[in-house]
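Down below is the structure, laid out as structure tokens.
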There are 2 protein chains.
Amino acid sequence: MLTDRQRMILNAIVDDYIRSAEPVGSRSISKRSDVGFSPATIRNEMSDLEELGFLEQPHTSAGRVPSIKGYRYYVDHLIQLGGASPTEMTKFRSYFAERMTEREQILQQAANILANMTNYTSIALGPESINHSLKHFQLVPLNAETAVAIVVTSTGHVENRMISLPPGVSVTDLEKTVNILNAKLAGIPMMRVTSKLYSEIGDELSRYVDHYEQVLSMLDHALPVVDEHEHRVFLGGATNMLTQPEFKDVDKVKTILDLLEETPTLSKMLSSTQSGIQVRIGTENKHAAINDCSVITATYAVNGQSLGTIGILGPTRMDYAKVIGLLDVVSRDMAALLSRWYV
Amino acid sequence: MLTDRQRMILNAIVDDYIRSAEPVGSRSISKRSDVGFSPATIRNEMSDLEELGFLEQPHTSAGRVPSIKGYRYYVDHLIQLGGASPTEMTKFRSYFAERMTEREQILQQAANILANMTNYTSIALGPESINHSLKHFQLVPLNAETAVAIVVTSTGHVENRMISLPPGVSVTDLEKTVNILNAKLAGIPMMRVTSKLYSEIGDELSRYVDHYEQVLSMLDHALPVVDEHEHRVFLGGATNMLTQPEFKDVDKVKTILDLLEETPTLSKMLSSTQSGIQVRIGTENKHAAINDCSVITATYAVNGQSLGTIGILGPTRMDYAKVIGLLDVVSRDMAALLSRWYV
DNA sequence: GATTAGCACTCGACGACAATGAGTGCTAAC
DNA sequence: GTTAGCACTCATTGTCGTCGAGTGCTAATC
């Protein structure tokens with residue numbers, strides 16, 4: 001569809017624009033050492049590329065800027081990944097080297113590192129709890145009326161909630177209840193725990209425990225609600241958005257930052273069935289607030305099972321090559337670190 | 001020090017400026033129904049107030065703006081609190097009505113509500129763990145090599161970390177260890193848990209458990225590090241900063257938002273020994289980044305014991321009366337909600 | 001036929017300049 | 001002590017001309 005020369009010129013324009021954030025003129029392309037054509041020739045080609053929809057002109061007497069379609073072509077056909085640079089790699093690995101004891105820490109750390117190294121905003125989606133199963137249940141009474149209910153999943157995820165103890169239930173009854181739950185529910189997927197509670201545990205409880213209705217309702221409150229799209233969301237470098245010249249307008253940046261605070265929206269936006277690295281450019285994003293941003297996401301997986309997503313949000317004029325290379329490395333390293341939890 | 005008329009005029013200027021964000025001229029003050037003087041008289045008084053340091057002039061032919069000293073005088077002597085309006089109160093209470101099962105939820109919710117109702121940024125510091133004591137310790141093995149260690153404090157706070165199990169330690173040994181820990185450490189302040197571990201638990205372990213050195217080192221990793229200044233920090237409405245006309249400059253707002261992301265700094269900034277409501281205006285704040293912001297904080301307490309702080313960050317031109325009234329109510333309500341955990 | 005030099009043209013950015021008007025300080029009258 | 005009147009200041013706004021980067025087109029060149 002495009003001639004070699006057109007591809008070369010498009011590539012040069014995108015590269016230039018990514019670096020400078022200024023519309024690219026024919027002269028500056030012509031001056032590049034690897035281009036042997038005069039400005040006039042470049043102009044003709046640029047005119048053609050604009051007609052084909054790969055370039056845009058902010059106004060008549062300005063240079064050209066890549067269009068969404070132009071970026072798309074660049075990402076799909078022209079980009080030279082070249083892998084993450086070794087210095088970057090070691091820098092990144094050293095950040096990641098500290099021993100991390102909590103999974104949340106790993107995700108937050110990954111988000112921070114990515115934001116730091118790219119100067120864009122990064123988003124990390126934690127593993128969804130939907131596939132986990134229950135490993136252990138525990139009640140820790142704090143006083144006569146309240147207790148903490150703790151649920152540990154097969155993946156080492158710990159949830160805790162505060163509950164009111166039903167009056168008149170003895171400590172031994174509570175212990176029995178916990179034992180029954182662990183015996184009956186261990187290994188059951190979190191999704192089905194609540195239904196199992198009523199279908200099977202109820203009968204069992206009624207046999208051994210007084211006031212079993214109240215105990216059952218207490219347990220209902222004690223167990224976490226599993227939402228299909230519930231991801232924990234970690235942000236890194238949200239304010240990096242402010243350093244991009246295209247977002248020097250406060251109102252524009254506000255709509256973006258507001259979007260970043262809506263974790264459910266982010267969660268939906270990033271979660272994807274498709275594995276590997278995915279690039280969404282400008283209006284390819286569904287949310288109007290980021291129609292002049294691009295989002296690059298990578299899923300991370302352990303044992304072939306996709307656990308979550310990390311992504312970078314930046315202007316459409318983002319350094320795709322660098323970000324893609326980095327995300328590739330980071331997602332692998334994250335998976336490696338997380339594999340501890342998912343053996 | 002100030003005449004009644006000067007106080008009245010200062011009050012009018014501060015009120016006006018808080019509403020309009022524009023320098024206040026003598027004419028607009030004179031027009032107010034409760035002021036019976038001509039612009040010329042007001043001008044003379046304004047000139048005096050400026051000489052005394054309560055007002056400032058952005059440039060010769062502009063109106064006056066309150067200085068830090070002016071705001072300070074306003075807050076200390078002129079402000080009319082009038083309590084939170086009933087409609088606001090019910091609105092706020094209805095937000096807060098949902099049953100909340102996690103303490104983190106309460107703090108985050110409080111921060112969100114405050115930000116929403118004020119259009120400023122709010123910061124909530126969670127209860128410090130320094131005063132808590134250990135309630136319950138638990139090890140949940142996930143597989144042969146790893147386990148989740150869970151610590152519940154007397155206040156229902158749950159911490160969990162991932163640890164590697166030392167090879168060669170049997171399940172029964174782990175169980176014994178957990179039992180010993182609970183027997184010996186329950187009720188001990190979290191601060192002293194680690195030292196107790198070595199001074200007392202070590203001997204005990206060596207009597208009942210094989211490989212007790214490895215087990216001890218594992219426990220050391222399993223117990224959370226208690227930092228004196230460790231607060232959990234919850235932010236609400238960070239982007240509200242962007243709606244304030246004084247922060248339409250992107251660079252200025254970036255330094256503020258960056259500060260908001262440094263949780264340790266925030267924690268230090270807000271934590272205060274002084275109980276009740278505290279107002280820090282402009283340069284009274286130590287951090288240069290917020291030298292044209294004001295911070296209003298309120299501590300919340302249960303049974304006379306201060307648990308944490310909630311605060312509002314806004315421009316020096318903030319609606320002090322409204323914010324102080326609101327913080328007063330919110331801090332009380334939060335304390336009431338949290339009292340469940342601290343009986 | 002492809003490439004390029006030459007040139008007129010477009011249009012945003014920038015600085016100079018005047019007009020506007022909100023607000024002041026001072027003086028003299030009330 | 002208060003106020004009307006007035007000259008003065010200065011940020012803001014709008015207009016205008018200049019500048020220059022960049023284009024599109026035409027004709028000459030390879």
Side-chain angles (χ1 to χ4, degrees), chain A residues 2-10 12-17 19-67 70 245-246 248-249 317, chain B residues 2-10 12-17 19-67 70 245-246 248-249 317:
Chain A
L2 293 185
T3 67
D4 275 358
R5 193 166 69 185
Q6 282 174 327
R7 296 153 66 108
M8 189 259 284
I9 291 174
L10 178 56
I13 291 175
V14 174
D15 273 350
D16 236 55
Y17 188 61
R19 234 183 327 102
S20 69
E22 307 263 297
V24 184
S26 55
R27 231 177 84 85
S28 62
I29 296 295
S30 158
K31 270 191 293 190
R32 290 168 68 123
S33 59
D34 53 338
V35 178
F37 300 97
S38 76
T41 311
I42 309 288
R43 274 206 292 283
N44 288 328
E45 294 286 29
M46 280 162 84
S47 184
D48 290 352
L49 282 168
E50 184 173 358
E51 214 156 289
L52 291 168
F54 294 98
L55 295 179
E56 278 168 0
Q57 222 171 357
H59 56 266
T60 326
S61 69
R64 300 302 208 292
V65 161
S67 66
E246 32 265 281
K248 65 174 187 287
D249 175 35
R317 182 192 62 77
Chain B
L2 292 187
T3 67
D4 276 357
R5 193 166 69 185
Q6 283 174 327
R7 296 152 65 108
M8 189 259 285
I9 290 173
L10 177 56
I13 291 175
V14 174
D15 274 349
D16 236 55
Y17 187 62
R19 233 182 327 103
S20 69
E22 306 266 294
V24 183
S26 56
R27 232 177 85 84
S28 61
I29 296 296
S30 158
K31 270 192 293 191
R32 289 168 68 122
S33 59
D34 55 337
V35 178
F37 301 97
S38 76
T41 310
I42 307 289
R43 273 207 290 285
N44 288 328
E45 293 286 30
M46 280 162 85
S47 184
D48 290 352
L49 282 168
E50 184 173 358
E51 214 156 291
L52 291 168
F54 294 98
L55 296 179
E56 278 167 359
Q57 225 172 354
H59 56 266
T60 326
S61 70
R64 300 304 206 291
V65 160
S67 66
E246 32 266 281
K248 64 175 187 288
D249 174 34
R317 180 193 63 77

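Lettering follows sequence order; numbering is per chain, from 1.
Atom CD in Gln57(A) sits about 7 Å away from atom P in dT23(D), given to the nearest Å. As a whole-Å value, the separation of Arg27(B) CZ from dT3(D) C1' is 15 Å. Put simply, CD on Glu22(A) is 10 Å from P on dA13(C), counting in whole angstrom units. Atom-to-atom, CG of Leu49(A) to C1' of dT23(D) comes out at 15 Å; the value is rounded to the nearest Å. When rounded to the nearest whole Å, the span between CD of Glu51(A) and C1' of dT23(D) equals 15 Å. Residue Asp4(A) contributes atom CG, which lies 16 Å from atom C1' of dA2(C) at whole-angstrom precision. In this entry the distance linking CG of Asp48(B) with P of dT2(D) reads 12 Å, nearest Å. Tyr17(B) has its OH atom 14 Å from the P atom of dG23(C), to the nearest Å.
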Which pairs, protein N/O on one side and nucleotides 27-29 of chain C N/O on the other, fall under 3.5 Å?
none

Please list each protein N or O that sits under 3.5 Å from an N or O in nucleotides 7-11 of chain C, with the distance.
unit_1: dT10(C); atom_1: O2; unit_2: Ser61(A); atom_2: OG; d: 3.1
unit_1: dC11(C); atom_1: OP1; unit_2: Thr60(A); atom_2: OG1; d: 3.2
unit_1: dC11(C); atom_1: O4'; unit_2: Ser61(A); atom_2: OG; d: 3.1
unit_1: dC11(C); atom_1: O2; unit_2: Ser61(A); atom_2: OG; d: 3.3

Distances under 3.5 Å between nitrogen or oxygen atoms of protein and nucleotides 14-20 of chain C:
none

Nucleotide N/O to protein N/O under 3.5 Å, stretch nucleotides 12-17 of chain D:
none

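By the salt bridge (Lys or Arg N to Asp or Glu O under 4.0 Å) test, Glu22(B) is found to be paired with no residue, residues two or more places apart in sequence or in another chain being considered. Partners of Ser20(B) under the side chain to side chain donor-acceptor pair (under 3.5 Å) rule, at least two apart in sequence or in another chain, do not exist in this structure. By the side chain to side chain contact (heavy atoms under 4.5 Å, CB included) test, Ser38(B) pairs with Ala40(B), Thr41(B), sequence neighbours left out. Applying the salt bridge (Lys or Arg N to Asp or Glu O under 4.0 Å) criterion to Asp34(B), with sequence neighbours excluded, gives Arg32(B). Under the salt bridge (Lys or Arg N to Asp or Glu O under 4.0 Å) criterion, Arg43(A) pairs with no residue at all, not counting sequence neighbours.
Listed by first then second residue, pairs satisfying salt bridge (Lys or Arg N to Asp or Glu O under 4.0 Å) with a partner in residues 46-61 of chain A read Glu50(A)-Arg64(A), not counting sequence neighbours. Evaluation of the ring pair (Phe, Tyr, Trp, His ring centres under 6.0 Å) test over residues 20-57 of chain A, restricted to residues two or more places apart or in two chains, returns Phe54(A)-Tyr73(A).
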May I have the step-by-step check of side chain to side chain contact (heavy atoms under 4.5 Å, CB included) for Leu55(A) and Leu10(A), ending in yes or no?
CA-CA 8 Å; Leu55(A) 295 179; Leu10(A) 178 56; 3.9 Å; yes
Test side chain to side chain contact (heavy atoms under 4.5 Å, CB included) applied to Arg19(B) and Asp16(B), step by step
CA-CA 5 Å; Arg19(B) 233 182 327 103; Asp16(B) 236 55; 3.0 Å; yes
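Near-neighbour residues of DNA chain C inside residues 35-42 of chain B, defined by a heavy atom below 4.0 Å, are absent.
Lys31(B) contributes atom NZ, which lies 12.5 Å from atom CD1 of Ile42(B) (distance to the nearest 0.5 angstrom). Leu49(A) CG to Leu52(A) CG: the interatomic distance, rounded to the nearest 0.5 Å, is 6.5 Å. In this structure, CG on Leu2(A) lies 12.5 Å from CE on Met8(A), to the nearest 0.5 angstrom.
Crowding of Asp249(B) atom CG: a count of heavy atoms from other residues, nucleotides or ligands under 6.0 Å exceeding 12. No more than 12 heavy atoms of other residues, nucleotides or ligands lie within 6.0 Å of CZ in Arg27(A), so this atom counts as exposed by the packing criterion.
The closest side-chain heavy-atom distance from Arg7(A) to Asp4(A) is below 4.5 Å.
What you find for Pro58(B) and Val65(B) is that their closest heavy atoms are CG-CG2, 4.1 Å.
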